[in-house]
Amino acid sequence: MENNYYKTALRKAEEYREKNMPLILGIESSCDETAAAVIRGGREVVSTAVHTQIPIHRLYGGVVPEIASRSHTERMGGVVREALDRANMSLDDMDAIAVTYRPGLIGALLVGVSYAKGLAYASGLPLIGVDHITGHIAANYLTYPELEPPFMCIVASGGHSHIVKVNSYTEFDLIGRTRDDAAGEAFDKVARAMGLPYPGGPELEKLARDGNPEKYKLHTAFNEGESFDFSFSGIKTAVVNILHNAEQKGEEVNRADVAASFQRAVVDALAKKSVRAARQAGLSTLALAGGVSANTALRERLSEECERFGIRFCRPDMKYCTDNAAMIACQGHYEIMTREPDELSLDPNAASFLQMQ
Ligand code: KG4
Ligand code: ZN
């Protein structure tokens with residue numbers, strides 16, 4: 001039975017490559033967003049649908065994996081239906097299905113992967129598993145229709161902070177990564193220590209707007225060094241110590257100053273290292289990706305640094321910065337153009353392929 005499916009999928013994958021403007025359905029469920037999207041010809045967003053679980057997890061101060069899986073299970077069918085309805089299309093109109101299969105919360109990934117497999121099996125459509133990190137990178141293709149590899153990319157999300165050399169649509173070299181916390185994770189943990197709600201990144205950014213970023217020097221020797229790796233846990237601990245010490249002494253701290261100084265230290269590290277990586281590799285474009293790419297201070301800082309060195313700076317539209325399925329469908333398109341589709345034995349994996357490098 002399954003072999004019959006795969007034969008059909010191989011044939012339809014071939015048809016996908018030959019079509020002028022093929023349609024691909026993208027599905028995303030790696031963390032706390034249930035999302036689906038329809039993309040035409042790789043880069044044209046026909047429709048999107050997202051159900052965010054943020055209000056549920058906010059009650060607990062962070063993502064509760066079991067609750068995330070349950071919510072994905074409840075919502076997945078409706079979200080896929082919504083994306084197809086908004087496109088005025090049905091599954092019969094699709095030419096392929098892309099799904100995030102790594103990295104992320106394993107139970108959450110399992111929901112999207114199982115759903116996508118079911119749809120693929122029922123329709124005979126080719127199934128393409130997409131690495132979420134490469135999806136974040138592809139969000140830039142949706143924003144810049146003419147952007148093509150090679151370029152350098154700084155990926156900063158809740159789970160990852162990587163400098164990635166994008167050699168082609170499907171070939172990547174890991175240049176640097178965090179040794180401890182991801183940038184978004186550090187934002188979330190510091191925000192939590194300051195009593196801000198989940199997800200802390202956007203809240204901390206808001207607070208930082210009224211603060212003095214020069215007030216506290218939170219830079220670490222590691223991030224000033226030659227390596228392209230990052231370390232954010234030292235900066236996080238320094239903030240927690242400032243808050244603690246003030247509390248013990250009964251002193252008031254200006255929380256906006258703390259937030260601004262923390263943000264400055266993280267933005268400095270991400271910007272300096274990624275621009276240096278682009279220059280050293282002789283690449284004329286640097287792209288930003290991942291949830292933290294929504295941070296205005298980071299966008300502005302990278303834009304300035306890139307301008308200084310004559311590098312073109314790309315960053316996704318705000319709506320494609322955090323988790324969404326349009327970016328997954330876009331990367332899925334490029335995968336299917338270069339390799340055979342996945343079999344129905346496709347398994348989710350908690351780690352990114354970049355962590356294997
Ligand atoms: O990419 P994403 O939606 O999910 C993962 O793949 O992890 O990233 C979510 C992360 C969270 O840590 C969130 O706090 C952070 O991105 N984030 C921000 C901002 N918006 C989202 N961090 C700093 N400033 C923001 N404006
Ligand atoms: Zn993400």
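Ligands are counted one by one from 1 in listed order, and the atoms in each one are counted from 1 as well.
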In terms of residue, atom name and distance, what is the protein heavy atom nearest to [atom]?
| atom | answer |
| --- | --- |
| atom 2 (P) of ligand 1 | Asp323 OD1, 3.3 Å |
| atom 26 (N) of ligand 1 | Glu205 OE1, 2.7 Å |
| atom 6 (O) of ligand 1 | His132 NE2, 3.1 Å |
| atom 8 (O) of ligand 1 | Gly291 CA, 3.3 Å |
| atom 22 (N) of ligand 1 | Gly201 CA, 3.4 Å |

Let me confirm one number: the CD1-CG distance from Ile328 to Asp131, rounded to the nearest 0.5 Å.
8.5 Å
Backbone of [Y] reached by a side-chain donor or acceptor of [X] within 3.5 Å:
| X | Y | result |
| --- | --- | --- |
| Tyr169 | Ala138 | no |
| Arg40 | Met21 | no |
| Asp180 | Ser233 | yes |

Would you say [X] touches ligand 1, if touching means a heavy atom closer than 4.0 Å?
| X | result |
| --- | --- |
| Cys31 | no |
| Gln263 | no |
| His136 | yes |

Shortest non-hydrogen pair, Leu109 vs Arg102, comes out as CD2-N, 4.0 Å
Pick whichever of Gly290, Cys321, Ser293, Gly158 has a heavy atom sitting closest to atom 7 (O) of ligand 1.
Gly158
Where the closest heavy atom to atom 13 (C) of ligand 1 is concerned, which of Val267, Asp188, Thr296, Val266 has it?
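Going through Val267, Asp188, Thr296, Val266 one by one, Asp188 has the nearest heavy atom to atom 13 (C) of ligand 1.
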Polar side chain donor-acceptor pair, [X] to [Y], under 3.5 angstrom:
| X | Y | result |
| --- | --- | --- |
| His132 | Glu28 | yes |
| Asp173 | Asn167 | yes |
| Tyr334 | Arg339 | no |

Can the ring centres of Tyr216 and Phe262 be said to be less than 6.0 Å apart?
no
Classify the angle between the aromatic ring planes of His162 and His160 as parallel (below 30°), tilted (30 to 60°) or perpendicular (above 60°).
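Ring orientation of His162 relative to His160: tilted.
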Is there a polar contact, in the sense of an N or O pair closer than 3.5 Å, between [X] and ligand 1?
| X | result |
| --- | --- |
| Gly184 | yes |
| Thr322 | no |
| Glu33 | no |

Under 4.0 Å from a heavy atom of Gly159: which atoms of ligand 1 are those, numbered in the order shown and with their elements?
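Result: 7 (O).
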Atoms in ligand 1 flagged as close to Ala294, the criterion being non-hydrogen separation under 4.0 Å:
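Result: 20 (N), 26 (N).
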Kindly confirm or rule out a cation-pi arrangement of Lys273 over Phe222, judged by NZ or CZ under 6.0 Å from the six-membered ring centre and within 45° of its axis?
yes
Ligand 1-proximal atoms of His160, by part, heavy-atom distance under 4.0 Å:
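It is neither part, as no heavy atom is under 4.0 Å.
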At under 4.0 Å between heavy atoms, which part of Asn295 makes contact with ligand 1: side chain, backbone, both or neither?
both
Under 4.0 Å between a Lys/Arg side-chain N and an Asp/Glu carboxylate O for [X] and [Y]?
| X | Y | answer |
| --- | --- | --- |
| Glu82 | Arg86 | yes |
| Glu66 | Arg70 | yes |
| Arg17 | Glu340 | yes |

What's within reach of the Zn ion (ligand 2), meaning protein N/O/S atoms under 2.8 Å?
His132 NE2, His136 NE2, Asp323 OD1
